[in-house]
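Sequential numbering from 1 along the given sequence is applied to the chain's residues. Quick note: numbers below take in every heavy atom, side chains included, and nothing from hydrogens, waters or symmetry partners.
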Amino acid sequence: MVIRLIDKTTFHPLNYIKKEEYSGSMEGMRYMLKRIKSGEEDRILVTIWPEPYGISKTPEEEKEFLEVELSEAGVEEAADWLNGQYEKQKERWKGSLRKPWV
């Protein structure tokens, strides 16, 4: 099976993130990019968590976070982090695919 990681040449959710949350998944790893306020500055909060549940039903201790600037460079940094976390924790994500919905 070929896993398609996030391709930074086609991953351009910045204008969407400015208005709404942007979410997706990669083979057991779910993610969300969300605009937040950090002091006076707008930022992007990137969250990852394992399947099968949505972000609101997943315990906080199973989530990981990264905060980046609200810009194209921030989106690229988020894509790099998402790809890196997928590779680094591949067994965790694959294991979550077998979890039953309860």
> Are more than 12 heavy atoms, taken from residues, nucleotides or ligands other than Glu61, located less than 6.0 Å from that residue's CD atom?
yes
> Among the clusters formed by ILVMFWY side chains lying less than 4.5 Å apart, do Leu66 and Tyr31 turn up in the same one?
yes
> Under a plain distance cut-off of 3.5 Å, with no hydrogens placed, do Glu67 and Ser38 share a side-chain donor-acceptor pair?
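Yes, a side-chain donor-acceptor pair sits under 3.5 Å.
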> Strictly under 6.0 Å, is that where the ring centroids of Phe11 and Tyr22 end up?
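Here the rings of Tyr22 and Phe11 have centres that are less than 6.0 Å from each other.
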> Can you tell me how far apart CG (Asn83) and NZ (Lys88) are? Round to the nearest 0.5 Å.
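These two atoms lie 14.0 Å from each other.
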> Just to verify, what does Lys18 make a side-chain hydrogen bond (donor to acceptor under 3.5 Å, both in side chains) with, not counting sequence neighbours?
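With neighbours one apart ignored, the set is empty.
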> Using 0.5 Å steps for rounding, measure from the CD atom of Glu87 to the CH2 atom of Trp93.
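Rounded to the nearest 0.5 Å, the CD-CH2 separation comes out at 12.0 Å.
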> Say you draw a straight line from CD of Glu62 to CD1 of Ile55; how long is it, rounded to the nearest 0.5 Å?
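It comes to 12.0 Å.
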> Of all residues at least two apart in sequence or in a different chain, which pass the side-chain hydrogen bond (donor to acceptor under 3.5 Å, both in side chains) check with Glu91?
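Result, side-chain hydrogen bond (donor to acceptor under 3.5 Å, both in side chains) vs Glu91: none returned.
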> Kindly indicate, with the supporting measurements, whether the criterion salt bridge (Lys or Arg N to Asp or Glu O under 4.0 Å) is fulfilled by Glu64 and Arg92.
CA-CA 13 Å; Glu64 295 180 46; Arg92 177 185 184 203; 2.9 Å; yes
> Quick check: do Leu82 and Met29 have side-chain heavy atoms less than 4.5 Å from each other?
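Yes, their side chains come closer than 4.5 Å.
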> If the condition is side-chain hydrogen bond (donor to acceptor under 3.5 Å, both in side chains), which residues does Asp7 pass it with, not counting sequence neighbours?
Thr9
> Who are the salt bridge (charged side-chain N to carboxylate O under 4.0 Å, His left out) partners of Asp42, not counting sequence neighbours?
Arg35, Lys37
> The test is side chain to side chain contact (heavy atoms under 4.5 Å, CB included); show your working for Glu27 and Tyr86 and say whether it passes.
CA-CA 9 Å; Glu27 296 294 317; Tyr86 177 81; 3.5 Å; yes
> Could you state whether Trp81 and Leu70 fall into the same hydrophobic cluster, counting links through intermediate Ile, Leu, Val, Met, Phe, Trp or Tyr residues with side-chain heavy atoms under 4.5 angstrom apart?
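Same hydrophobic cluster.
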> What are the two closest non-hydrogen atoms of Trp49 and Met32, and how far apart are they?
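Looks like CZ3-N, 3.7 Å.
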> Kindly say whether Gly28 contributes a backbone atom to a donor-acceptor pair with the side chain of Ser96 at under 3.5 angstrom?
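Between the backbone of Gly28 and the side chain of Ser96 there is a qualifying donor-acceptor contact (under 3.5 Å).
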> Could you pull out the closest heavy-atom pair between Val46 and Val68, with the gap in Å?
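Closest approach of Val46 to Val68: CG2-CG2, 4.5 Å.
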> Sequence neighbours excluded, which residues qualify as salt bridge (charged side-chain N to carboxylate O under 4.0 Å, His left out) partners of Glu20?
none
> Kindly indicate, with the supporting measurements, whether the criterion side chain to side chain contact (heavy atoms under 4.5 Å, CB included) is fulfilled by Leu97 and Glu51.
CA-CA 6 Å; Leu97 289 171; Glu51 289 195 11; 3.5 Å; yes
> Linking I/L/V/M/F/W/Y whenever their side-chain heavy atoms sit closer than 4.5 Å, directly or via other members, would Tyr16 and Val75 fall into one cluster?
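Yes, Tyr16 and Val75 fall within the same hydrophobic cluster.
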> State the CG-CD1 distance between Leu33 and Ile48, to the nearest 0.5 angstrom.
11.0 Å
> Rounded to the nearest 0.5 Å, what separation is found between the CZ atom of Arg43 and the CD1 atom of Ile36?
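Reported to 0.5 Å precision, the distance equals 7.5 Å.
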> Hey, what do you get for CD1 (Ile6) to CD (Glu76), rounding to the nearest 0.5 Å?
12.0 Å
> Mind checking what makes side-chain hydrogen bond (donor to acceptor under 3.5 Å, both in side chains) contact with Ser71, not counting sequence neighbours?
Glu69
